[in-house]
Amino acid sequence: MQLTAPATGRPTAPARNRDADGMAVASFILGLLGLLVLNIFLGPVAIALAAVSLWRGTSRRGRACLGLTLGVADLAVLLIAMQISNTVSWSL
């Protein structure tokens, strides 16, 4: 009879890789969606997810880099639209 729970320790490499792959895909999708709506929120989230997934060693490196690029593009689109409309935010 076992009275204590087994020690689980740190997540195994495949579990960490799967999480990093999911974050890479999520950063790509959020960066792409951020070009259309809520780019002030989705851009930084896409950048953060891409950075974390690259740091964790994702196997979907291309998606993470695209997510990072799209996150930066979200913020650039926001800044350009703000400059053109002379407002704090922008609308279509």
Side-chain angles (χ1 to χ4, degrees):
M1 178 162 37
Q2 186 175 357
L3 297 177
T4 60
T8 57
R10 299 186 86 197
T12 60
R16 281 189 77 187
N17 237 0
R18 189 176 50 211
D19 290 343
D21 291 348
M23 283 189 274
V25 172
S27 72
F28 172 71
I29 291 171
L30 291 177
L32 196 59
L33 186 62
L35 288 174
L36 302 174
V37 292
L38 296 173
N39 48 3
I40 195 163
F41 298 112
L42 295 180
V45 171
I47 292 169
L49 284 174
V52 170
S53 68
L54 286 171
W55 180 72
R56 287 189 176 183
T58 182
S59 61
R60 296 180 184 226
R61 187 169 172 79
R63 289 251 168 99
C65 290
L66 280 174
L68 184 64
T69 304
L70 287 171
V72 171
D74 291 347
L75 297 178
V77 165
L78 177 66
L79 289 176
I80 290 169
M82 285 172 42
Q83 290 297 321
I84 290 173
S85 65
N86 292 324
T87 60
V88 176
S89 65
W90 68 281
S91 63
L92 296 174

- Rounded to the nearest 0.5 Å, what's the gap from CG on Leu49 to OG1 on Thr58? Could you check? 11.5 Å

- Roughly how far apart are Arg63 CZ and Ser53 OG, rounded to 0.5 Å? 11.5 Å

- May I ask you to list the residues sharing a hydrophobic cluster with Leu54, side-chain cutoff 4.5 Å, ordered by chain and number? none

- Phe41-Ile80 co-clustered via ILVMFWY side chain contacts under 4.5 Å: no

- Query: Is Ile40 reachable from Leu38 through a run of I, L, V, M, F, W or Y residues, each pair having side-chain heavy atoms under 4.5 Å apart?
  - Reply: yes

- Tell me, yes or no, whether the heavy-atom count around Leu79 atom CG, taken from other residues, nucleotides or ligands under 6.0 Å, exceeds 12. yes

- Note on the structure: Given the options Ile29, Leu30, Leu36, Leu42 meets side chain to side chain contact (heavy atoms under 4.5 Å, CB included) only with Leu30

- Note on the structure: Applying side-chain contact (heavy atoms from CB on, under 4.5 Å) to Val72 and not counting sequence neighbours gives Ile47

So which heavy atom on [X] is nearest to which on [Y], and how close?
{"X": "Leu66", "Y": "Phe28", "value": "CB-CD1, 3.8 Å"}
{"X": "Ala64", "Y": "Ala50", "value": "O-CB, 3.2 Å"}
{"X": "Arg60", "Y": "Asp21", "value": "N-OD1, 3.7 Å"}
{"X": "Ser27", "Y": "Ala46", "value": "CB-O, 3.3 Å"}

- Item | Backbone N/O of Pro44 and side chain of Asp74: donor-acceptor pair under 3.5 Å | no

- Side chains of Leu75 and Asn39: does their closest heavy-atom pair fall under 4.5 Å? no

